[in-house]
Amino acid sequence: MAEKILSKDRLEEFLSRLIEDYQVFAPVEKDGNLLFSRFEESPEEAERVIFGMRPCDARSLTLLDMVFNSDKFQDPYFITRREKTTVISIACTHPQITCFCTSFGITPASEEGSDILLFDLDETYLIRPITQKGQKLIENLKVLLTDAQQSDLRKRDALVKLAISRVKSEVPIEGLKEKLDGMFDSPFWEKVHLKCLGCGICTYLCPTCHCFDIADEAVDSEGKRVRNWDSCMYPKFTLQASGLNPRLSNKERLRQRIMHKFNYSVANYGQAFCVGCGRCVRNCPVNLDIREIIKQISEE
Ligand code: SF4
Ligand code: SF4
């Protein structure tokens with residue numbers, strides 16, 4: 001299916017129509033923060049649409065696929081949710097100064113992980129269906145859309161070019177895995193962790209982090225086995241029932257975070273588990289900047 005145009009005047013109608021058939025999650029402003037939330041009540045059992053993801057986050061879903069839906073291991077809960085989710089991303093026009101997606105071969109208009117990609121052309125959105133799932137969704141809403149013209153495509157191309165030129169931050173990824181191969185016992189980790197508070201913000205904000213814990217919980221007379229979102233930056237993450245903790249301090253935990261993203265993941269999946277979204281850079285309370293850590297490692 002070719003690109004379509006949605007007038008911004010009709011965005012509300014577009015979303016309202018989606019809500020009839022899907023649970024729609026979109027960025028909603030709460031206390032000054034934009035959080036992905038259920039847009040409005042929609043059928044609980046319905047398939048999901050995530051509206052307004054950025055291409056770097058959509059790409060991170062393809063990394064999570066490698067972990068939770070591989071030949072070796074299949075996570076039925078993850079797979080079911082993934083299959084029932086349609087991702088509508090929107091290309092970035094104004095990357096932040098902390099963005100470094102291009103270091104990982106991603107651009108502000110990358111398509112990987114998205115079912116549909118939108119481009120903000122001021123008065124309109126240009127809609128590019130990418131997968132069959134995306135095509136089906138657009139087909140059902142075509143009464144709201146018009147065909148894109150050559151002038152729209154030219155505007156889109158110029159926008160993408162400008163957005164790519166606005167990603168100013170870059171990190172040296174080449175050879176990083178090999179460098180880290182020999183650094184497990186390096187004195188480098190003695191220094192780099194010193195200002196880390198172990199708050200876990202960097203991992204909870206990261207679209208590729210996926211550590212979890214499994215617990216048995218008793219509720220009234222019922223027992224439940226539940227999976228909890230967890231963080232490798234917390235001491236209890238590796239605390240064993242015997243009392244032994246193989247990651248005793250922030251040194252071992254920060255090393256694990258860096259090794260997991262840039263060494264173990266490359267060994268296991270052929271990919272670094274970072275998409276350069278820059279969230280951990282923007283939100284670390286002590287400005288521990290992962291870009292600086294990567295640069296320092298490359299200079300070791
Ligand atoms: S956000 Fe910063 S201080 Fe908190 S755990 Fe991550 S690196 Fe450490
Ligand atoms: S920049 Fe930070 S938050 Fe974003 S993907 Fe990389 S490690 Fe995760």
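Order of appearance sets the numbers: ligands from 1, and atoms from 1 within every ligand. Only a predicted model underlies this, so the values are computations on that prediction, with no experimental measurement involved.
- In plain terms, the two heavy atoms of Val219 and Lys224 that are nearest each other are CG2-CE, 4.2 Å.
- Near Cys280, with a cut-off below 4.0 Å to any heavy atom, the atoms of ligand 2 are 1 (S), 2 (Fe), 3 (S), 7 (S).
- Coordination check, Cys274 versus atom 2 (Fe) of ligand 2: failed, since every N/O/S atom of the residue sits at 2.8 Å or beyond.
- Residues Glu300 and Lys179 share a closest heavy-atom pair of O-NZ, 2.6 Å.
- Using a 4.5 Å heavy-atom threshold, the side chains of Pro246 and Gln240 count as touching.
- Near Val275, the atoms of ligand 2 lying under 4.0 angstrom from a non-hydrogen atom of the residue are 5 (S), 6 (Fe).
- If you look at atom 8 (Fe) of ligand 1, the protein N, O or S atoms less than 2.8 Å from it are Cys196 SG.
- Scanning for side-chain hydrogen bond (donor to acceptor under 3.5 Å, both in side chains) contacts around Lys251 gives Glu190, with sequence neighbours left out.
- Screening residues 45-58 for salt bridge (Lys or Arg N to Asp or Glu O under 4.0 Å), with sequence neighbours left out, gives Asp57-Arg279.
- The two residues Lys133 and Asp115 come nearest to each other via the heavy atoms CB-OD1, 3.9 Å.
- By the criterion of a heavy-atom distance under 4.0 Å, neither the backbone nor the side chain of Phe273 is placed next to ligand 2.
- In summary, the atoms of ligand 2 found under 4.0 Å from a heavy atom of Phe100, numbered by their order in the structure, are 1 (S).
- Taking a cut-off of under 4.0 Å to the non-hydrogen atoms of Lys261, the atoms of ligand 2 that pass are 7 (S).
- Close approach to Gly278 involves these atoms of ligand 2, each under 4.0 Å from a residue heavy atom: 1 (S), 4 (Fe).
- Every residue meeting the ring-ring contact (aromatic ring centres under 6.0 Å, His included) condition with Phe78, not counting sequence neighbours, appears here in chain and number order: Phe68.
- Under a 3.5 Å cut-off, the side chain of Ser89 and the backbone N or O of Pro55 do not form any donor-acceptor pair.
- Atoms of ligand 2 lying under 4.0 Å from any heavy atom of Ile290, numbered from 1 in the order shown and given with element: 7 (S).
- Around atom NZ of Lys142, no more than 12 heavy atoms belonging to other residues, nucleotides or ligands sit under 6.0 Å away.
- Between Asp152 and Gln149 there is a side-chain heavy-atom pair separated by less than 4.5 Å.
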